[in-house]
Each structure stands twice: as C-alpha cells, then as structure tokens.
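Below, chains carry the letters A, B, ... as their sequence lines are ordered, and counting in each starts from 1.
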There are 2 protein chains.
Amino acid sequence: MAKAGPGAKANAPRGKRATSYDVARLAAVSQSAVSRAFTPDAYISPSMRKKVLAAARQLGYQPNAIARGLTTSRSRVVALFMPNIGNPIYPFVLQTFSHRLRSHGRQILLLPLVENANEALACMLQYQIDGLVITAASPLALSKAIARKCLAAGIPVVLFNRYFADLKVASVNCDNARGGALAAEILHGAGHQRFAFIGGPEETSTHIDRYRGFADRLRAFGAAAPLIETGPYTYDGGHGAGMRLFARRDRPDAIFCANDVLAIGALDAARVGHGLQVPRDVSIIGFDGAPMAAWAGNDLTTIALRLVAMVESTVEVLLRAIDGQRAGSEPIRIPGDLVIRKSARMPGGSLPAAST
Amino acid sequence: MAKAGPGAKANAPRGKRATSYDVARLAAVSQSAVSRAFTPDAYISPSMRKKVLAAARQLGYQPNAIARGLTTSRSRVVALFMPNIGNPIYPFVLQTFSHRLRSHGRQILLLPLVENANEALACMLQYQIDGLVITAASPLALSKAIARKCLAAGIPVVLFNRYFADLKVASVNCDNARGGALAAEILHGAGHQRFAFIGGPEETSTHIDRYRGFADRLRAFGAAAPLIETGPYTYDGGHGAGMRLFARRDRPDAIFCANDVLAIGALDAARVGHGLQVPRDVSIIGFDGAPMAAWAGNDLTTIALRLVAMVESTVEVLLRAIDGQRAGSEPIRIPGDLVIRKSARMPGGSLPAAST
DNA sequence: GACTGGAGTGAATGCGCAGTCATATAATAG
DNA sequence: CTATTATATGACTGCGCATTCACTCCAGTC
C-alpha cells in the first residue's frame, strides 16, 4: 500500500490527520462529494457514497467536528452543569445523559464549578455550546444566574430535578409533592403519631415540594404538623438533624427525609447515636432511590426517582429546543416509585410492629 | 447606546454573536489586534489591549473556540473516559479534574460508554481532543484498547489509578502495594491470626498490587496466607464475599478489602448477615477513603487516596505530554494515608480488644 | 432529433480566527 | 539631523468543512 510510517495507518504521517481533500484525491472525486458522503441527508448517489467511505476508511479519515462547527455554527455539544456532586444518584444521571445524548450524536462538555455566571457563559459562548442542562446538584443562586444568562444569549436550557418559580425555564422533575404525600400516607397509615421532616436548603424546589406534599397530606389526615429540621443535602446534615430530633422529649416516631443521604444520616443518628431500633422505635423514609439505600446496613424505604425516564425526557426537551421549538416552561413531572424496605413500618403491619 | 434589541446586549441581534471583526470595527483597530488582545503572550501594547477589551465587553464578545481550534489545530479540550461509576470516589475525582483543567484553560469532554475502541477514537478525532485521561472506573479491556489506539494516533493518554503492565502508557497511581503492606502491619500487629483479602477483578492493577502488598507483608511476618475472595468492585461483591467468608468454620478475624465499597459490603455481611461485632469478632480495613467510610453506620478504617494530589499529578503529566514532551510510562506512585476509625482493632489495643 | 428536466457532481466561497509578513511610527545611535 | 533599530500595528492567508451555484450527463418527450 502506502509507504510505511512507523505506527501509522495508511498515510497519517506525523500528527497530520487526513482531511476531506485527502479522501477526495484518493477516491478521485471532489471535496464536496466527501462532505456529502458524511452528511446524513445530503444529495449523493449510493455508489458515490460507498466509494468515498471506502477511501475514508483506508485513510482513517474522520470529519473534523471543529471545522464542521465553524461552517454550521453549531457544535453538537451540550454542556452539563453539575458541580457539588453530593447526591449519589448523580453519577448514574451523568452516565445516562452521556449515553442518551450520544445516541443523538451529541457530546457532553462538563461545565466546571465556576465562580459566577459570567464565567459559565463565557465558556458556553467560546465553545458554541448548543444547549445546557443544569441539575439540582448545583448551587441554586448560581444555577439561576446561569440559566438567566443563557436564555438571554439564546442558548436553550433545561433544568433537571429542579425548577424556578420566578424564571421561565423548561424543566423535568420528579412529582415531588406526590412523593411527599405518599410518605405521609404510609407513615400515618402505619399508626405513627409524631412526625418530622428533615429537609435540605429551604429555597430548593425539591425541599419545598416534598415538604409540602408531606405536610399537606398529614394535615388532611388531621395529624399534628411535622417537626422540621433542615441543613445541607448531606449525610452530616441528616445526621445532625436526626441527633437533634431524637434528643427531644417529644421525639418523633416517623421521619420523612427530603433525600436518601439525609435519611441515612438520620438512620445512623437513630441507631448509632441514640441506640434506637428502626423501625421499632422510629420509621424513616427517604427520597431518590440512591444505591446505598439498598445496602443491608441501611435497608432504607424510599421513593425512587425514575431517573432514566427523567433523563430521556430532559434530552428530548433540550433537543427540541435546540431545533428551534420554544420549550414550555411548565415543569414536566414524572412520578416516583415507592421502594419498600425495612426502615419504615407499613400500614397493615406487614413489618414487625411496635409490639416486639 | 445602541438600538435596543429585546433581551440582547448592545448589538447581539438574532442569534448572531459578535465576531472579532465586529469588535475591531467598534474599537477602530484591525482584526489582528483583537486576536492579539485575547492571546496571552501576544505582541501587543497594554493600551491597545485595554481598548480592545473594552469594545469586546461592550459587544459581549467571546473568542470563538471553534474557529480558534481550526487555525491552531488544538481544541484545548481534554477527554475523560470514566463510565461505570460504581466507586464513590469518582464524583470527587471528576470535579477535581474539571476544576484543575479549567485553571489551565482546558475543558472536559466526557467520553460516553462506547461499544468498542473505534467509537471512542472516532469521537476523539472528530473533536480534535488534545489528550485523554482514563480512570480505573472503566472496563479494563476497553480502556486498554482505547489507550492503544490513541497512542497510535498520537493523542497523549494518562491513566488514573490504574496501569498496564504490557502497554507503555503514562499513569498516576496510589502506592497500592505499600497500602496493602500497611493493612497487613496493622491487622497482624493487633493480634489477628486468620486473614482474608476481598478483591476485585483479578486482572486490575489495584487488585493485584493491593493484594500483593498485603500478602507479602503477612508472609514476612510468618503469618498464614490470607484467604481470597474476589468479585466485582461493588457493594454486592463485598457483601457476597463476606457472607462466604463468615460462613466458613475457619472464619477470618481480619479482612483487608481492595476498596471501601467492598469493605462496606463485608461490614454489612458481618453485622447484618452473621450478627458479628466489629471489631470484636472481626477487623475490616478498606481502601480509597470513600465518603461513606466516614459515616457513623460504617466507621470504616481505610487507606485514603490523596485524590487531589493524584489528580494534580495526572493533569501535569497530561499537559506536559500535550506540549510535546514524551511522558515516561513508569507509573507515578503517590502514597495513601491510613485513616483510623473503628472497624479494625489497632496494635497496642487503642481500641476495645477481644477481651470485651 | 432538438428540447426539457431531473439527477448527480464539481468549483468556488466563507465560517472566525491565529499567525506571518510587511509597514508605519517611535526611540536610539552616530 | 540622518541612519538604524526597536516597537507596534494592519493586511492577508489558510485552517477543514458545508453549502450554494453552475454545470454535465442522460432519460424521456413530442
């Protein structure tokens, strides 16, 4: 074949990658033809395409996405803003986004933790980002500022597992209020009397909706209003809240936590910190469906997000927005699924009740 | 100022972003001057730079990284291959990489989980990736194939927390053998007699080196060879291994696990599965320094990776390779730090010993 | 048999920028 | 006061591709 370059395919000499012209020359066609061969809906005969692709393969040619982006002024890259990964569901979310976007020919650029919204916007503009996904695992004020800037700059934005009441941005969420109500039904139905809620930062939509769903349903049952403890969405936050709650004389016997990491913190506060038995002395329900909720040491009853469905929906909304259709800003809500484990007594006593 | 466009800065009319020519016109200078103003080491007077930057700010101008990439033929983007995020240290690793690379003006493109190495290479070539980091959180065979292809294509590669004995690739690792030896010293020094090792996939360098360091040191002490159980690097892997070990008549009283997730699985197998007390009945030591090792319910003694140092070293090696200096393929080893908690008895009885 | 039209292809252009080269001005020397 | 050199700037080209436009070719038409 060609002259042998050390460790190189066909003729990729020294850091020089084949261009469409190289392929054109080899296939004895024009550069236009090469371009068409790699463009899905281009006007080209099957035989021509086949010939070009053969030559391309021989040279190890891949279209240069940079050059393509320059002419089309779209990068086919989507940015993801997801710093502060404290919630263990996000690795899976990230992986799922990556997979789904790839199947639509998109790549993911990871936006680093920036100081302010301008830095983020600069990054997006520089790389001609086609769209942005912001997950709840990011500082609220910063997320909002970034979303606002991007919208002003005409970059489509979709929020994942979060929404802003005062800013019209497309979003995909769990039906958090319904999840909270479900927790209330279970805990009340199991005969509990003294309820508590352990939440996260009070301005986040997950905190607000999960609490509201829980408290509203309790009120509908005529139960006493739940105690509330809040803190960051971390193990320590849940542990601290649990320690405070269990130290009270009117110690709660049923706790709903705004997420699983908080719940595991509360669980440890009960068992290790206060020597309580779960669910004999206290029932605890979490939210999210984090992997470690299933671990034998935790065995946490929780309301699991349908993460795959949520990601798919987010991708769909984003791609549609990129294609120019203005997305509605009404939050899309996807239900959560109750996962019954052993950290909470169930109505009907399907788990060892207090009589033990 | 300029005519008011709805929701637009100065004059960013309809999805049209300002170019260097626009800035040049406004500042009454040439396009070259604009380019120089945004190039760190360019030959330009301070006054000129100031004037250009002022005009750029007024237009909301950001250099188009795509166009820049086309002329410089480097994208300033680094790819990260890290699918299968099962180990909870990786979210932090990802965040740290992102942060560190950004401080060097680099962005991260997340490589999705691909079917084969060719897909990955295609992605790298299309986007003119400057370099690649492969973490241990990715399938071994695929990682190796990708690394091989990239090297052949002239793309610098650095492995994080992994190395290949039979392929010359730069890598940054924990000093795993030393960590294993440390675990052996502690467990032997605390008076344990029946040792076991719970590992991951047998061909991974972390498994091999951590086991070897452990077993070699035990042998040096004249102790019996440890029992070995292996499985995937998951909670279930550790739990299953633990259940098997504790069911034996010669049940081990000291277990070293190749990582923290395995160790937590083993811990739960001991406590929940077999009703054993830790560390009265068995000492367990993990590896990595995962966040949940610190949780009260686990309280796991472990050997913590110096993740920040490892990431910084990886970035340094990678950037040097991108700048053309061939990196050595000898693994860089960074020591791990013993974190003493309550899952293992310590030499000298600094924790409640078997006498309880 | 000249004419129309569809199908396929090639030539040419520009995307936005970095860098090279040439030029104009200011500073220094002789 | 001219010759020489720093210093700073502008004109221009090309990176690799998508795309537009013009063109060729050939089947069908009357």
Length of the CZ-P vector between B:Arg76 and C:dC17, whole Å:
16 Å

What pair of heavy atoms forms the shortest contact from A:Val52 to A:Ala37, and how long is it?
CG1-CB, 3.5 Å

So that I can tick it off, tell me whether B:Arg17 and B:Asp22 are bridged by a salt bridge, with the cut-off set at under 4.0 angstrom between side-chain N and carboxylate O.
no

Just how far, in rounded Å, is C1' of C:dG16 from CG of B:Asn64?
6 Å

Judged by atom type as modelled, is there a donor-acceptor pair below 3.5 Å linking the side chain of A:Asn118 to the main-chain atoms of A:Leu121?
no

Positional range of nucleotides in DNA chain D within the contact set of chain A, heavy-atom, under 4.0 Å:
D:dG16 to D:dT20

Could you check how far OH of A:Tyr127 sits from P of C:dG16, rounded to whole Å?
18 Å

Interatomic distance where CD1 belongs to A:Ile66 and P belongs to C:dA18 [whole Å]:
13 Å

With rounding to the nearest 0.5 angstrom, report the CE to CZ distance, A:Met310 to A:Phe97.
8.5 Å

Return yes if a side-chain donor-acceptor contact under 3.5 Å exists between B:Arg162 and B:Ser143, otherwise no.
yes

CG/B:Asp41: more than 12 non-hydrogen atoms of other groups inside 6.0 Å
no

Is the phosphate of C:dT9, meaning OP1 or OP2, less than 4.0 Å from a side-chain N or O of A:Ser45?
yes

Taking the nucleotide of DNA chain D with the closest heavy atom to each, which residue, B:Met48 or B:Ala67, is nearer the 5' end?
B:Met48

Atom-pair distance (CZ on B:Arg68; P on C:dC15), nearest Å
19 Å

Quick check: closest heavy atoms across A:Ile134 and A:Ile146, and the distance to 0.1 Å?
CD1-CG2, 4.3 Å

Does anything in residues 30-43 of chain B come within less than 4.0 Å of DNA chain D? Heavy atoms only, and list the residues if so.
B:Ser30, B:Gln31, B:Ser32, B:Ala33, B:Arg36, B:Tyr43

Euclidean distance, atom CG of residue A:Leu70 to atom C1' of C:dC17 [Å, nearest integer]:
8 Å

Closest-nucleotide mapping onto DNA chain C: is B:Ala65 or A:Ser47 further toward the 5' terminus? I mean the 5' end.
A:Ser47

Atom OG1 in A:Thr314, atom CD1 in A:Ile332: separation rounded to 0.5 Å?
7.5 Å

Which distance, rounded to the nearest 0.5 Å, do you find between the CZ of A:Arg76 and the CD1 of A:Ile322?
9.0 Å

